[in-house]
Amino acid sequence: MLYGAGAVVLVLVAVFLLRAAGKARAVALGELVHREIEPYLRRMSAEHGLSGTPPTWTQHSPPEEIVAHSAKLAVRLNEHAKTGTARTASDLELARTQQLGE
């Protein structure tokens, strides 16, 4: 009986550690996308006249939302490239895509 309870505790600890490691990888990916990829996609969207109101991310924003938003921007850019329609962006649209003081 003691071995059975110990095995259950060991399995629960292993599941907890695997879940924590997965969450840490997701957070790291979300931070990478937010810091490196999203600004580029926003800038390209503004250059092609596809810019919209960018979301405000906080440290509590789920990484899935950050990655999903960047994926949607990439899809919009890809669809824009396929259709070949071109619009010019104003300087104000381009300025909104620039990061400040980092």
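Throughout, residue positions are numbered sequentially from 1 according to the sequence presented.
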*Hey, quick one: are V27 and L32 part of the same hydrophobic cluster, counting side-chain heavy atoms closer than 4.5 Å, chains of contacts allowed?*
no
*Look at the side-chain heavy atoms of Ile, Leu, Val, Met, Phe, Trp and Tyr, link any pair under 4.5 Å apart, and say whether L29 and L73 land in one connected group.*
yes
*With side chains defined as the heavy atoms from C-beta onward, is the minimum distance between E36 and Y40 less than 4.5 Å?*
no
*Within-4.5 Å side-chain heavy-atom neighbours: E38 and R42*: yes
*Got a sec, which pairs hit salt bridge (charged side-chain N to carboxylate O under 4.0 Å, His left out) with one end in residues 10-32, sequence neighbours left out?*
none
Which pairs of donor and acceptor atoms, one on a side chain in residues 60-71, lie under 3.5 Å apart (sequence neighbours left out)?
unit_1	atom_1	unit_2	atom_2	d
S61	OG	T58	N	2.9
S61	OG	T58	O	3.3
S61	OG	T58	OG1	3.4
S70	OG	I66	O	3.3

_Who clusters with V8? Use side-chain heavy atoms, under 4.5 angstrom, across I, L, V, M, F, W and Y, and order the result by chain and number._
L12
*Drop me the distance from E47's CD to H80's NE2, to the nearest 0.5 angstrom.*
10.5 Å
